[in-house]
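Presented below is the structure to which this report refers.
Numbers for residues simply follow the sequence, beginning at 1.
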Amino acid sequence: MPPLFIYNNNSETLFHSTNKFLERKGEIDMIYSTEIKNMCSVHQGVHHGAAPIPEEAKWVSSKEIKDISGYTHGIGWCAPQQGACKLSLNVKDGIIQEALVETIGCSGMTHSAAMASEILPGLTILEALNTDLVCDAINTAMRELFLQIVYGRTQSAFSEDGLQIGAGLEDLGKGARSMVGTTYGTLAKGPRYLELTDGYITDLAIDENDEIIGYKFVNFGKMMDFIKKGDDAATALQKASGKYGRVDDAVKFIDPRKE
């Protein structure tokens, strides 16, 4: 094996042993192979630095975490793929200012979501990438967002000054509830609509061919808003109820959860 040489700042040999040498560069010890040490120097030539990426209607050559800004969404999933997370982050100067965490499919993930919404604001995106957010689905979502953000693929890439803090709540709508669609079906008994963006499905409208032609629903977000404003439960339920499709043409209605 070739010897290991260790040099000081003046390139004086301090130690040599086997197969590698170490040259001190300021406070950093750089280790090079003997082959590299024996090479002559060739100038690196033209180097333009980082290519600019779009950030909030500006072209930025990002070199440090603080150079990164943007608002974006990402989806993550756990290893057994029994749960998923939609994560939305608003990043300003490399710091997460706002986090929206929406989860589905796993009861344990709801607790992880609470922790993530408490942990993420105030971290740099690099810290967040290397923070244990408890749930694999949320960790995976953070990874996907990191890639979008550092490569200039955010939702606000061409929005002047980006999106204001609070944009995450706007994603939820007036009721501040996640938009969830839950449907179920079997070959033996056919489809059931349980919950859609409109709200909780109370009745399916069925025609003479036993096909779904519409549904009745309750928007729980609106219902709770009515109750908080003083309406009794029955009044709030009525005001938050609606229908979609050819409900008036139905020959019968069924409860999708019981019938």
Side-chain angles (χ1 to χ4, degrees), residues 50-183 194-198 221:
I53 60 175
E55 293 183 22
E56 300 186 342
K58 298 184 290 289
W59 290 96
V60 178
S61 294
S62 59
K63 298 179 181 179
E64 302 177 38
I65 291 296
K66 66 181 179 63
D67 297 329
I68 300 293
S69 295
Y71 180 89
T72 198
H73 317 277
I75 302 294
W77 54 94
C78 60
Q81 299 191 27
Q82 66 183 9
C85 168
K86 175 200 166 193
L87 180 62
S88 303
L89 297 181
N90 203 345
V91 179
K92 302 290 185 183
D93 300 326
I95 306 294
I96 296 172
Q97 302 291 334
E98 175 184 20
L100 171 64
V101 188
E102 300 174 85
T103 59
I104 192 170
C106 174
S107 58
M109 208 190 307
T110 59
H111 295 82
S112 300
M115 297 176 71
S117 65
E118 188 172 355
I119 292 169
L120 286 170
L123 298 183
T124 69
I125 56 171
L126 186 59
E127 288 175 309
L129 185 68
N130 291 287
T131 295
D132 183 6
L133 300 176
V134 184
C135 171
D136 276 350
I138 299 174
N139 286 322
T140 304
M142 185 63 230
R143 179 195 71 195
E144 297 301 306
L145 259 71
F146 183 87
L147 293 174
Q148 288 185 37
I149 293 167
V150 298
Y151 282 118
R153 303 295 191 272
T154 64
Q155 301 281 318
S156 61
F158 299 102
S159 300
E160 189 171 357
D161 296 327
L163 299 181
Q164 63 181 355
I165 311 304
L169 284 178
E170 294 177 4
D171 284 354
L172 296 177
K174 292 182 179 179
R177 285 172 57 87
S178 296
M179 290 179 281
V180 176
T182 307
T183 63
L194 302 175
E195 186 157 355
L196 297 175
T197 302
D198 298 317

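Between Ala113 and Thr103, the closest heavy-atom pair is CB-CG2, 3.9 Å. For Ala116 against Pro121, the heavy-atom pair with the smallest separation is O-CD, 4.2 Å. Nearest heavy-atom pair, Ile75 versus Lys86, reported as atom, atom and distance to 0.1 Å: CD1-CB, 3.6 Å. Of all non-hydrogen atoms in Pro54 and Trp59, the two that sit nearest each other are CD-CZ3, 3.5 Å. Shortest non-hydrogen contact noted between Ser69 and Asp93 is OG-N, 2.8 Å. Residues Leu100 and Asp171 share a closest heavy-atom pair of CD2-CB, 4.2 Å.
Under the 3.5 Å distance criterion, the side-chain polar atoms of Gln97 are left unmatched by any main-chain donor or acceptor of Ile165. Distance alone, capped at 3.5 Å, is enough to place a donor-acceptor pair between the Ser61 side chain and the Ala50 backbone. Ser88 contributes no side-chain N or O that, together with a main-chain N or O of His73, makes up a donor-acceptor pair within less than 3.5 Å. Distance alone, capped at 3.5 Å, places no donor-acceptor pair between the Asn130 side chain and the Glu127 backbone. Not a single donor-acceptor pair under 3.5 Å links the side chain of Thr124 to the backbone N or O of Ile95.
Using a 4.5 Å cut-off on side-chain heavy atoms (C-beta onward), Asn90 and Ile96 make no contact. Side chains of Thr183 and Leu196 form a contact here, defined as non-hydrogen atoms less than 4.5 Å apart. Two residues are said to be in side-chain contact when any heavy atoms from C-beta on lie closer than 4.5 Å; Val150 and Ser62 fail this criterion. Looking at Leu129 and Arg143, their side chains come closer than 4.5 Å, going by heavy atoms from C-beta outward.
Side-chain N/O atoms of Glu102 and Ser178 include a donor and acceptor closer than 3.5 Å.
Note that OG1 of Thr140 is 9.5 Å distant from CD of Gln81, once rounded to the nearest 0.5 Å. Put simply, SG on Cys78 and CE on Met109 are 5.5 Å apart, with the number rounded to the nearest 0.5 Å. Atom CD of residue Glu144 and atom CD1 of residue Ile149 lie 11.5 Å apart, to the nearest 0.5 angstrom. Note: Thr197 OG1 to Met179 CE = 6.0 Å, rounded to the nearest 0.5 Å.
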Dump the intermediate steps for side-chain contact (heavy atoms from CB on, under 4.5 Å) on Met142 and Leu87, then the final yes or no. CA-CA 7 Å; Met142 185 63 230; Leu87 180 62; 4.1 Å; yes
Determine, stepwise, if the pair Glu56 / Ser159 fulfils side-chain contact (heavy atoms from CB on, under 4.5 Å). CA-CA 5 Å; Glu56 300 186 342; Ser159 300; 6.0 Å; no
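Pairs engaging residues 153-162 under the salt bridge (charged side-chain N to carboxylate O under 4.0 Å, His left out) rule: none recorded [sequence neighbours left out].
Considering Leu120, Thr72, Val101, Leu123 as possible partners of Leu89, the one that fulfils the side-chain contact (heavy atoms from CB on, under 4.5 Å) test is Leu120. Put simply, the residue from Asn139, Leu133, Ile138 that forms a side-chain contact (heavy atoms from CB on, under 4.5 Å) with Cys135 is Ile138.
A salt bridge links Arg177 to Glu195: at least one charged side-chain nitrogen sits closer than 4.0 Å to a carboxylate oxygen. Under 4.0 Å is where a charged nitrogen must lie from a carboxylate oxygen, and between Glu98 and Lys92 no such pair does.
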